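The next block holds one structure in the form of structure tokens; read it before the comments.
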Amino acid sequence: MIAIGADHVGYEYKKLIIEYLEKKGYKVKDFGCDGVDSVDYPVYGEKVARAVASGECDRGIVICGTGIGISIAANRVKGARCALCGDPFTAKMTRFHNDANMIALGAWIIGIGIAFEIIDVWLSTEFEGGRHIRRIEMLG
């Protein structure tokens, strides 16, 4: 199951991403927000991160204007490894080397088509393991 959450800026992207993922057969759990009225991104970054870190959900996607603030909020949760991705190569490497279990997207930064490409690459890339395991363990 994929957890997803966004602030008011990322709300429209969140709706489109949920629809996109469900058409591809993924189960998605929506952690809010529920509209375009101003909300605080740390609330939604933390909700998704807690769902992923606890094992309730396998992976998480969070969206705000730049992706920066919501990724910082998510990474405050032990067990969450949230990477801000702006292109498919970054999405690949964040799985391949960093075993990221969450990604953050910036709705002001990337188009929805690129967001879909990033998500596809991120979901289809496996962790390489090997020497990277030691590094992931150092993160706590």
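Computed from a predicted model, the values in this text were never measured in an experiment.
- Ile119 and Phe96 sit in two unconnected hydrophobic clusters of ILVMFWY residues. Membership requires side-chain heavy atoms under 4.5 Å apart, directly or through other members.
- Side chains of Phe116 and Ile17 form a contact here, defined as non-hydrogen atoms less than 4.5 Å apart.
- Contact detail for Glu12 and Val36: the closest heavy-atom pair is OE2-CG1, 4.0 Å.
- Between the side chain of Asp40 and the backbone N or O of Pro42, no donor-acceptor pair lies under 3.5 Å.
- Few gaps surround CZ on Arg135; more than 12 heavy atoms of other groups in view lie less than 6.0 Å from it.
- Side-chain contact check for Lys24 versus Asp120: some heavy-atom pair is nearer than 4.5 Å.
- Looking at Lys23 and Glu19, a side-chain N of the basic residue comes within less than 4.0 Å of a carboxylate O on the acidic one, giving a salt bridge.
- Ile63 has its side chain within reach of Ile4: a pair of non-hydrogen atoms, C-beta onward, lies under 4.5 Å apart.
- At distances below 3.5 Å, at least one donor-acceptor pair connects side-chain atoms of Asn101 with backbone N or O atoms of Gly79.
- Residues Phe31 and Arg50 form no side-chain contact, since every pair of their non-hydrogen atoms from C-beta on lies 4.5 Å or further apart.
- Here the side chains of Tyr44 and Val39 are in contact, with some heavy-atom distance below 4.5 Å.
- Glu137 has no carboxylate O lying under 4.0 Å from a charged side-chain N of Arg134, or vice versa, which leaves the two without a salt bridge.
- Applying side chain to side chain contact (heavy atoms under 4.5 Å, CB included) to Arg81 and the options Thr94, Ile136, Asn98 leaves one that passes, Ile136.
- Looking at Val62 and Met102, their side chains come closer than 4.5 Å, going by heavy atoms from C-beta outward.
- Taking both residues in full, the closest heavy atoms of Ile110 and Gly86 are given as CG2-O, 3.6 Å, listed atom of the first, atom of the second, then distance.
- By the rule that hydrophobic residues join a cluster once side-chain heavy atoms approach within less than 4.5 Å of another member, Ile112 and Ile103 end up as members of one cluster.
- In this structure, the side chains of Ile114 and Leu105 stay at 4.5 Å or more apart for every pair of heavy atoms.
- Formation of a donor-acceptor pair under 3.5 Å by the Lys14 side chain with backbone atoms of Cys33 is found in this model.
- Remark: Asp87 CG to Glu117 CD distance equals 10.0 Å, nearest 0.5 Å.
- Nearest heavy-atom pair across Gly67 and Ala104 is O-CB, 3.5 Å.
- Shown here for Lys78 and Ala53, the closest heavy-atom pair between the two residues is O-CB, 3.3 Å.
- Between Ala3 and Val48, the shortest heavy-atom distance links the atoms CB-CG1, 3.7 Å.
- Side-chain contact between Lys92 and Trp122: absent, with no pair of heavy atoms (C-beta onward) separated by less than 4.5 Å.
- Checked by atom type, the side-chain pair Tyr26/Asp58 shows no donor-acceptor distance below 3.5 Å.
- With rounding to the nearest 0.5 Å, the separation of NE2 in His97 from CD in Glu128 is 4.5 Å.
- Ala100 and Ala83 get closest at one heavy-atom pair: CB-CB, 4.2 Å.
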